Student: 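Structure below; questions to follow.
Residue indices begin at 1 and follow the sequence shown. Because the structure is predicted, anything quoted here is derived from the model rather than measured.
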Amino acid sequence: MWSYFGSKTNVVNFYPAPKHGRIIEPFAGTAKYSLKYFEKDVLLVDKYEVIVNIWKWLQKCSVEDIKRLPHKLNPGDSLDDLTFDCIEAKQLLGFLVGFATERPRKKATVDRTLRRPNHINHSLKRIANNLFKIRHWTILHGSYEDISNQEATWFIDPPYQHGGDTYVHGNKHINYDFLATWCRSREGQVICCENTQANWMEFVPMRSHKGVRGMQREAIWSNVLTDYDVQQKTLFNEEHYVSQPA
């Protein structure tokens, strides 16, 4: 619902749809995949407590709570000079005054105020309009390792092996060999996100898009057939062809 470094806003529509009634995001961030399929039984887990606390606060918010937040700032305005009902409200606005940041900012940027004077206002309206989607979700502070194995659609979007270094809990703290084994062992449908520079799983190129650090190509690993796995797709078509009557 808000801008965050590594968010899947530009590519979420290209991932396979969930095959199970429950979606689990072990590296939740701003959970674009779960928001797309919000009616599912959603479990978000994230190690960054700020992210978790904002989500939990939004679950309790009313539309009026969101509308009361400052919706227009000037470049350089400090959030420390404003009054908020709680720290989570200030932290949420701290993400809105920056662009795809990995943590809340304290001062409004030129890009999100002068160049785009309606950005904060539009973002708050979008958040208010989406509050109803998250009321039933379960949101937990913790590590992916804490989640019990269960049948679900696992949307796994960790800090990337190359490029995920700026997060508060970034790639330096991840054992990717262990994570690969963990991903493969999940029950149900597994969708794992990365870019084409990663080598800790057999990732398949997916789609190029412009990110904060320029153009990059997203990649995917899944234990089910996807439109991006040419080999799987070929095998599937061959099996399908053989099974058809002459």
Student: Ignoring hydrogens, what is the shortest heavy-atom contact between Met201 and Cys192? Give both atom names and the distance.
Tutor: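 Scanning both residues, the minimum pair turns out to be SD-SG, 4.3 Å.
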
Student: Under the criterion side chain to side chain contact (heavy atoms under 4.5 Å, CB included), which of Asp46, Ile156, Leu179 is the partner of Tyr144?
Tutor: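 When side chain to side chain contact (heavy atoms under 4.5 Å, CB included) is applied between Tyr144 and each of Asp46, Ile156, Leu179, only Leu179 qualifies.
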
Student: Is Arg186 paired with Glu151 through a side-chain N to carboxylate O contact shorter than 4.0 Å?
Tutor: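 Answer for the salt bridge query: no.
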
Student: Under a 4.0 Å N-O cut-off, is there an ion pair linking Glu102 with Arg105?
Tutor: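 Salt bridge between Glu102 and Arg105, a charged N being under 4.0 Å from a carboxylate O: yes.
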
Student: Could you tell me which non-hydrogen atom of His20 sits nearest to which non-hydrogen atom of Ala152, and how far apart they are?
Tutor: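 His20 and Ala152 have their closest heavy atoms at CD2-O, 3.4 Å.
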
Student: Taking all non-hydrogen atoms of both residues into account, name the closest pair between Glu194 and Gln161 and its distance.
Tutor: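 Minimum heavy-atom separation between Glu194 and Gln161: OE2-N, 2.7 Å.
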
Student: Considering non-hydrogen atoms only, spot the tightest contact between Val97 and Ala108 and give its length.
Tutor: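 Scanning both residues, the minimum pair turns out to be CB-CA, 3.7 Å.
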
Student: Do the side chains of Asp165 and Lys172 get close enough for a salt bridge, i.e. N-O under 4.0 angstrom?
Tutor: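 The answer is no: the pair does not qualify as a salt bridge.
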
Student: So do Trp137 and Leu35 actually touch side chain to side chain, heavy atoms under 4.5 Å?
Tutor: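 Side-chain contact under 4.5 Å: yes.
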
Student: Taking Thr101 for the side chain and Gly98 for the main chain, is one N or O donor matched with an acceptor at less than 3.5 Å?
Tutor: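 No: the side chain of Thr101 does not pair with the backbone of Gly98.
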
Student: Between the side chain of Gln189 and the main-chain N/O of Asn223, is any donor-acceptor distance below 3.5 Å?
Tutor: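 No, because the side chain of Gln189 does not come within donor-acceptor range (under 3.5 Å) of the backbone of Asn223.
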
Student: Using side-chain heavy atoms (C-beta onward) and a distance below 4.5 Å, is Thr30 in contact with Phe95?
Tutor: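 Not in contact.
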
Student: Please find out if less than 6.0 Å separates the ring center of Tyr228 from that of Phe14.
Tutor: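 Centroid distance Tyr228-Phe14: not below 6.0 Å, so no.
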
Student: Below 4.0 angstrom, N of the basic side chain to O of the carboxylate: do Lys90 and Asp80 qualify?
Tutor: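 Looking at Asp80 together with Lys90, the answer is yes, because their closest N to O distance falls below 4.0 Å.
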
Student: Report, as yes or no, whether the 6.0 Å neighbourhood of atom NZ on Lys125 holds more than 12 heavy atoms from other residues, nucleotides or ligands.
Tutor: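 No.
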
Student: Counting only N and O atoms by type, is there a donor-acceptor contact under 3.5 Å from the side chain of Asp65 to the main-chain atoms of Ser62?
Tutor: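 Confirmed, Asp65 side chain pairs with Ser62 backbone.
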
Student: Could you tell me whether the side chain of Asp77 and the main chain of Leu73 form a donor-acceptor pair under 3.5 Å?
Tutor: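 No, the answer is negative, given that no donor and acceptor are paired below the 3.5 Å cut-off.
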
Student: Which residues pass the side chain to side chain donor-acceptor pair (under 3.5 Å) test with Arg103, not counting sequence neighbours?
Tutor: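 Counting only residues at least two positions away or on another chain, Arg103 forms no side chain to side chain donor-acceptor pair (under 3.5 Å).
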
Student: Under a 3.5 Å distance rule, please check whether Asn118 uses its side chain to pair with a backbone N or O of Asn121 as donor and acceptor.
Tutor: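 Such a contact is absent between Asn118 side chain and Asn121 backbone.
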
Student: Can you check whether Ile139 reaches Val45 side chain to side chain, under 4.5 Å on heavy atoms?
Tutor: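 Ile139 does not reach Val45 side chain to side chain.
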
Student: Is it the case that the side chain of Asp146 and the backbone of Ser143 share a donor-acceptor pair, with hydrogens and angles ignored and the cut-off at 3.5 Å?
Tutor: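 Yes.
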
Student: When you check the side-chain N and O atoms of Lys133 and Asn130, is any donor under 3.5 Å from an acceptor?
Tutor: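 On atom types as modelled, these side chains qualify, holding a pair under 3.5 Å.
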
Student: Heavy atoms, side chains only, cut-off 4.5 Å: are Ile220 and Cys193 in contact?
Tutor: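 No. Closest side-chain heavy atoms not under 4.5 Å.
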
Student: Is any side-chain heavy atom of Leu43 closer than 4.5 Å to a side-chain heavy atom of Ile23?
Tutor: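 No. Closest side-chain heavy atoms not under 4.5 Å.
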
Student: Name all residues meeting the side chain to side chain donor-acceptor pair (under 3.5 Å) criterion together with Arg22; count only those two or more places apart in sequence or in a different chain, and write none if there are none.
Tutor: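 Arg22 satisfies side chain to side chain donor-acceptor pair (under 3.5 Å) with Asp41, Gln150 once adjacent residues are dropped.
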
Student: Less than 6.0 angstrom separating the ring centers of Tyr167 and Tyr48, yes or no?
Tutor: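 They do not qualify: ring centres at least 6.0 Å apart.
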
Student: If you define the side chain from C-beta out and look only at heavy atoms, does anything of Ile51 sit under 4.5 Å from Tyr4?
Tutor: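 Heavy-atom side-chain distance check passes, below 4.5 Å.
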
Student: Do Ile24 and Phe155 make a side-chain contact, defined as non-hydrogen atoms from C-beta onward lying under 4.5 Å apart?
Tutor: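 In short, these two side chains do not touch, never coming nearer than 4.5 Å.
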
Student: What do you reckon, are the aromatic ring centroids of Trp200 and Trp221 less than 6.0 Å apart?
Tutor: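 Between Trp200 and Trp221, the centre distance exceeds or equals 6.0 Å.
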
Student: Answer yes or no: is there a side-chain heavy-atom contact under 4.5 Å between Gln197 and Tyr160?
Tutor: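 No. Closest side-chain heavy atoms not under 4.5 Å.
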
